[in-house]
Amino acid sequence: MPNPPRLRRSFFNRSVHEVAPELIGATLLVDGAGGVIVEVEAYHHTDPAAHSYTGRTLRNAVMFGPPGYAYVYRSYGIHWCINFVCEQEGSASAVLIRALQPTEGLAVMRRRRGLHDDRALCSGPGKLCQALGITIRHNELPLDRPPFELRARREAPDIARGVRIGITKAAEKLWRYGLRGSPFLSKPFKP
DNA sequence: ATGAAGATGAAT
DNA sequence: TTCATCTTCATC
């Protein structure tokens, strides 16, 4: 079987609420390590919880640029988290990548994480950035060129929808998406 | 200049 | 449930 096509930048040039569920099942690799995206969250700029909600700053500047770029930010002074910028330039909306099913580069990911339990390797936004070696150096890089490799899913998976995690503002919306039943989620979805 | 909060994770 | 750890951004 040939590899599915790489995601082009145009894939991200539409509503963040369309892109987010379609990323479930896609494959994300960084320098050859990574796996299948099993959990994401959508952040539209009109959402009070979005980093871009109160306007452009140094940190969120890439969100205001064209779609198809990485937005990496520091979380709680400790972790890195990665988003994919979506929608037309100026919209400032993005999808947070929350969990992967590890498939490629398991050895290097286990070493970076100091773990052997593959279910704990990429089951959270901070964890997967540590496993894939994502840091601020990846901020503002295009997603359709190395070190990134993004491939479309082969077929539509069974997608679970739920309220977002770790958010107090506007958490009531069903803007978290996941691969139903996957053991690699950061948290299970309620049935 | 200062400080409170934060799209988390790991340990208790 | 607590805490590590520190950048960001609003406010003073």
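Order of the sequence lines sets the chain letters (A, B, ...), proteins ahead of strands, with each chain counted from 1.
Between A:W80 atom CH2 and B:dG9 atom C1' there is a gap of 16 Å when expressed in whole angstrom units. The interatomic distance linking A:Y73 (OH) with B:dA5 (C1') rounds to 13 Å, in whole Å. Taking atom CE of residue A:M63 and atom P of nucleotide B:dA7, one finds them 12 Å apart after rounding to whole Å. Atom CD1 in A:I165 sits about 13 Å away from atom C1' in B:dG9, given to the nearest Å. Rounded to an integer number of Å, the gap from CG of A:N60 to P of B:dA7 is 12 Å. Between A:R59 atom CZ and C:dC6 atom P there is a gap of 16 Å when expressed in whole angstrom units. Nucleotide B:dG9 holds its C1' atom 15 Å from the CG atom of A:D117, rounded to whole Å. Between the C1' atom of C:dT8 and the CG atom of A:L58 lies a distance of 10 Å, rounded to the nearest Å.
The aromatic ring of A:Y76 does not sit over the base of B:dG9; the criterion of centres under 5.5 Å apart with planes under 30° is not met.
A sub-4.0 Å separation between OP1 or OP2 of C:dA10 and a side-chain N or O of A:T54 is present. Remark: A:R74 is not in phosphate contact with B:dA7, judged by side-chain N or O atoms under 4.0 Å from OP1 or OP2.
Residue contacts shown for A:R113 are limited to sugar-phosphate atoms, with no base heavy atom under 4.0 Å away. Among the atoms of the strands shown, only primed sugar atoms or phosphate atoms (P, OP1, OP2) are found under 4.0 Å from some heavy atom of A:T57.
The side chain of A:P125 lies closest to B:dG9, out of C:dC9, B:dG9, B:dA7. The listed nucleotides are B:dA7, C:dA4, B:dG9; the one nearest the side chain of A:H79 is B:dG9.
Ion pair A:E155/A:R153 not flagged as a salt bridge, since none of the NZ, NE, NH1 or NH2 atoms sits closer than 4.0 Å to an Asp/Glu carboxylate oxygen. Remark: A:D144 does not engage A:R8 in a salt bridge, criterion side-chain N to carboxylate O under 4.0 Å. Under the 4.0 Å criterion applied to side-chain N and carboxylate O atoms, A:D47 and A:R164 are assigned as salt-bridge partners.
In this structure, A:R180 forms no cation-pi arrangement with A:Y177, as its terminal cationic atom is not both closer than 6.0 Å to the ring centre and no more than 45° off the ring axis.
Each of A:I165, A:L96, A:V163 was checked for a side-chain contact (heavy atoms from CB on, under 4.5 Å) with A:R176, and the lone residue meeting it is A:I165.
Of the P atoms belonging to B:dT2 and C:dT5, the separation is 23 Å, rounded to the nearest Å.
Along DNA chain B, the nucleotide nearest A:A50 and the nucleotide nearest A:K127 are compared for position; the residue whose nucleotide lies closer to the 5' end is A:A50.
Remark: B:dA1 base-pairs with C:dT11; criterion is Watson-Crick or G-U wobble with both hydrogen-bond distances under 3.5 Å. Pairing of C:dC6, defined by two Watson-Crick or G-U wobble distances under 3.5 Å, is identified with B:dG6.
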